[in-house]
J.: 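Take a look at this one; I'll ask things after.
Sequence lines set the chain letters: A, B, ... in the order given, protein chains first and strands last, and positions in each chain run from 1.
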2 protein chains.
Amino acid sequence: MYRIGELATLFDVKTDTLRFYEKHGLLAPSNRSESGYRLYSNDDAEKLRFIIRAKAVGFSLSDIAELLSIELDKSNWACADVKGMVDIKLEQVQAKIAELEFFASSLSKLSDACCGGPESAEHCSILEALESSDKELQPKVEHHAAKPN
Amino acid sequence: MYRIGELATLFDVKTDTLRFYEKHGLLAPSNRSESGYRLYSNDDAEKLRFIIRAKAVGFSLSDIAELLSIELDKSNWACADVKGMVDIKLEQVQAKIAELEFFASSLSKLSDACCGGPESAEHCSILEALESSDKELQPKVEHHAAKPN
DNA sequence: ATAAACCTTAGAGTTAAATCCAAGGTCAAG
DNA sequence: CTTGACCTTGGATTTAACTCTAAGGTTTAT
C-alpha cells in the first residue's frame, strides 16, 4: 500500500493530480487508513500507469474513463456491448498508429536528407518531407546556412 | 486561395481556431485580400492538415510549433541542429507508436476474449488484458451478465 | 441598394486538466 | 511534547486551447 505522496513520487505526478483523478472517477484508492489517509494498492498503481500512458498518446480523461469503465461495470454490460466499445477504441488506436507511422517515416526522411544523407538536403521541413512521401528523391546540393550569431 | 471560412469548413474547424493558430505563430495565411480578408494557399492548407494530425496523436501546440519551426527558420539553423531536433521528435513519435501498439494488442486480446473467441472471457478489462500481455491464455467459461433493465 | 452571409479586430468567457492555497489533523524522530 | 514532513478537505487559480461577443467593414445575390 502506498500513501498518496509515495505513489505520486513513484509516477512523477502531483498528489493534487491523484486527488483530481479520484474526484473525476478515474482512480480511487482501494483503501483508507484509520485516520483517513488514502492507501493505494499495486493494482491501483497499474491503473495509474495505464492512465498516464493513455494520456501520453492523446486520449482525454473521459476517453480513459470510458476504457476503464469496461472493468468497473463488467457485470452490467453484455458481451456485445463490451466488444463493440473495445473495437471502437481499437480502431481509434490503430488510426493513431497509422498517423504516427506516417510522421515517423517523414521525420526519418528529413533526418536522412539533412546533412550527409545520400540525397542530402532535399527536404528541409517536415512539411516538405510529408509532401514528398510518394515522390522520388533527387540528389541535390546542401543548402543549409550556419546559425546566426 | 481559401478565405478563412472556406478553409475552416474544409477541415472542420472554427474560424476562431484558425485565428488562434495565427496569433500563436502556427499558421499564418500567406496572403490577404485588398480589404484585409485572410487568404490561405494550398500549402497553408497542408500545414493545417499537419497541425490537426499532430494534435490528434497527442502533440501540444508548442510541440507542433517546434516541428514547424524547422521549416520557418530553415536558413537560420545549421544541419546538425536541424538533425538533432528532428531526431528527438522522431524518438518521441516512436515511443508513442510503441505505447499504442501495446494498447492495440491488449485491446485485441480483450475483444477476442469477449464473447466467442477461442478462449472466451478470460479478460474482462483492459487492465487485466494489459497485465496478461505475457501470460498464457487459458480457456474458461463465459461470465458476462446481461445488461440490467 | 439592401439583406444575407461573409469578413475584420479586440477582448471576454469556457472547458479540461491540473495546480495552488488555507486551515487543520497525523505521525515518526529527537 | 514539539518540530517537520506528511496527510485531510474545500475552494480558488492557472494553463492550454479554444470559443464567443461586440462593433463594424465587405461581397454577393436579388
J.: Counting any heavy atom closer than 4.0 Å, what does B:Ser60 reach on the DNA or RNA strands: base, sugar-phosphate only, or nothing?
T.: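 Sugar-phosphate contact only.
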J.: Specify the separation, in whole Å, of atom CG of A:Leu10 and atom C1' of D:dC6.
T.: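 Those two atoms, CG and C1', are 17 Å apart.
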J.: Counting the atoms with a prime plus P, OP1 and OP2 as sugar-phosphate, which does A:Arg19 contact under 4.0 Å by heavy atoms, base, sugar-phosphate, or nothing?
T.: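 Base: the residue A:Arg19, judged by heavy atoms under 4.0 Å, touches a nucleobase.
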J.: Tell me whether the side-chain N/O atoms of B:Ser35 come closer than 4.0 Å to OP1 or OP2 in D:dT27.
T.: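 For D:dT27, OP1 or OP2 has a side-chain N or O of B:Ser35 closer than 4.0 Å.
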J.: If the cut-off is 4.0 Å, is A:Arg32 near the phosphate of D:dT9, judged by side-chain N/O to OP1 or OP2?
T.: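 Yes.
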J.: Give a yes or no on whether a salt bridge exists between B:Glu22 and B:Arg19, defined as a side-chain N under 4.0 angstrom from a carboxylate O.
T.: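 Salt bridge absent between B:Glu22 and B:Arg19.
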J.: Between B:Asp44 and B:Lys47, is the closest basic N to carboxylate O distance under 4.0 Å?
T.: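 No salt bridge links B:Lys47 with B:Asp44.
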J.: Quick one: is B:Arg38 getting a side-chain N or O under 4.0 Å of the C:dC7 phosphate, OP1 or OP2?
T.: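 Checking C:dC7 against B:Arg38, no side-chain N or O comes under 4.0 Å of OP1 or OP2.
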J.: Start at the 5' end of DNA chain D and walk down; is the nucleotide closest to B:Phe59 or to B:Ser33 reached first?
T.: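 Taking each residue's closest nucleotide, the earlier one in sequence belongs to B:Phe59.
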J.: Before accepting this row, confirm whether a basic side-chain N of the pair A:Glu99/A:Lys96 lies closer than 4.0 Å to the acidic partner's carboxylate O.
T.: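 Result for this pair is no, no salt bridge flagged.
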J.: Counting just side-chain N and O atoms, does A:Thr17 come under 4.0 Å of either OP1 or OP2 of C:dA17?
T.: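 Result: no.
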J.: Counting side-chain heavy atoms from C-beta on, which of D:dC18, C:dA18, C:dT26 comes nearest to A:Leu61?
T.: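 Of the options given, the side chain of A:Leu61 lies nearest C:dA18.
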J.: Measure from CG on B:Leu39 to C1' on C:dC7 and round the result to the nearest Å.
T.: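 That distance rounds to 11 Å.
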J.: Between P on C:dA18 and CG on A:Leu48, what's the gap in Å once rounded to a whole number?
T.: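 Going from A:Leu48 (CG) to C:dA18 (P), I get 11 Å.
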J.: Would A:Ile88 and A:Ile97 show up in the same hydrophobic cluster when neighbours are defined by side-chain heavy atoms closer than 4.5 Å?
T.: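 No, because A:Ile88 and A:Ile97 fall into different hydrophobic clusters, even though each may have its own neighbours under 4.5 Å.
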J.: Which nucleotide wins on minimum distance to the side chain of B:Phe20, given the candidates D:dT19, D:dT27, C:dA18?
T.: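 Among D:dT19, D:dT27, C:dA18, the one nearest the side chain of B:Phe20 is D:dT19.
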J.: Does C:dA18 have its OP1 or OP2 closer than 4.0 Å to a side-chain nitrogen or oxygen of A:Tyr21?
T.: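 Checking A:Tyr21 against C:dA18: at least one side-chain N or O falls below 4.0 Å of OP1 or OP2.
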J.: In this structure, would B:Tyr37 and B:Phe20 fall into the same cluster of hydrophobic residues linked by side-chain contacts under 4.5 Å?
T.: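 Shared cluster, no.
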J.: Calculate the interatomic distance between B:Tyr40 atom OH and C:dC6 atom P; express it in whole Å.
T.: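 Rounding to the nearest Å, OH of B:Tyr40 and P of C:dC6 are 16 Å apart.
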J.: Examine the base of D:dC18 for any acceptor or donor lying under 3.5 Å from a partner atom in the side chain of B:Asp16, and report the outcome as yes or no.
T.: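 No, the side chain and the base share no sub-3.5 Å donor-acceptor pair.
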J.: Round to a whole Å and report the spacing from CD1 of A:Ile4 to C1' of D:dA5.
T.: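 Distance, rounded to whole Å: 15 Å.
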J.: Between A:Leu39 and A:Ser33, what is the shortest heavy-atom contact and its length?
T.: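 So the minimum-distance heavy-atom pair works out to CD1-N, 3.5 Å.
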J.: Is A:Lys14 near enough to C:dA17 that one of its side-chain N or O atoms lies under 4.0 angstrom from OP1 or OP2?
T.: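 No, no such contact exists.
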J.: Nearest-Å distance, CZ (B:Arg3) to P (D:dT27)?
T.: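 Interatomic distance, CZ of B:Arg3 to P of D:dT27: 9 Å.
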J.: Could you check how far CD of A:Glu22 sits from P of C:dA17, rounded to whole Å?
T.: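 Rounding to the nearest Å, CD of A:Glu22 and P of C:dA17 are 17 Å apart.
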J.: Take atom CG of A:Leu27 and atom C1' of C:dA17, then tell me their distance rounded to the nearest Å.
T.: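 About 15 Å, once rounded to whole Å.
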J.: For B:Lys23 and C:dA10, is the shortest distance between a side-chain N/O and OP1 or OP2 below 4.0 Å?
T.: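 Checking C:dA10 against B:Lys23, no side-chain N or O comes under 4.0 Å of OP1 or OP2.
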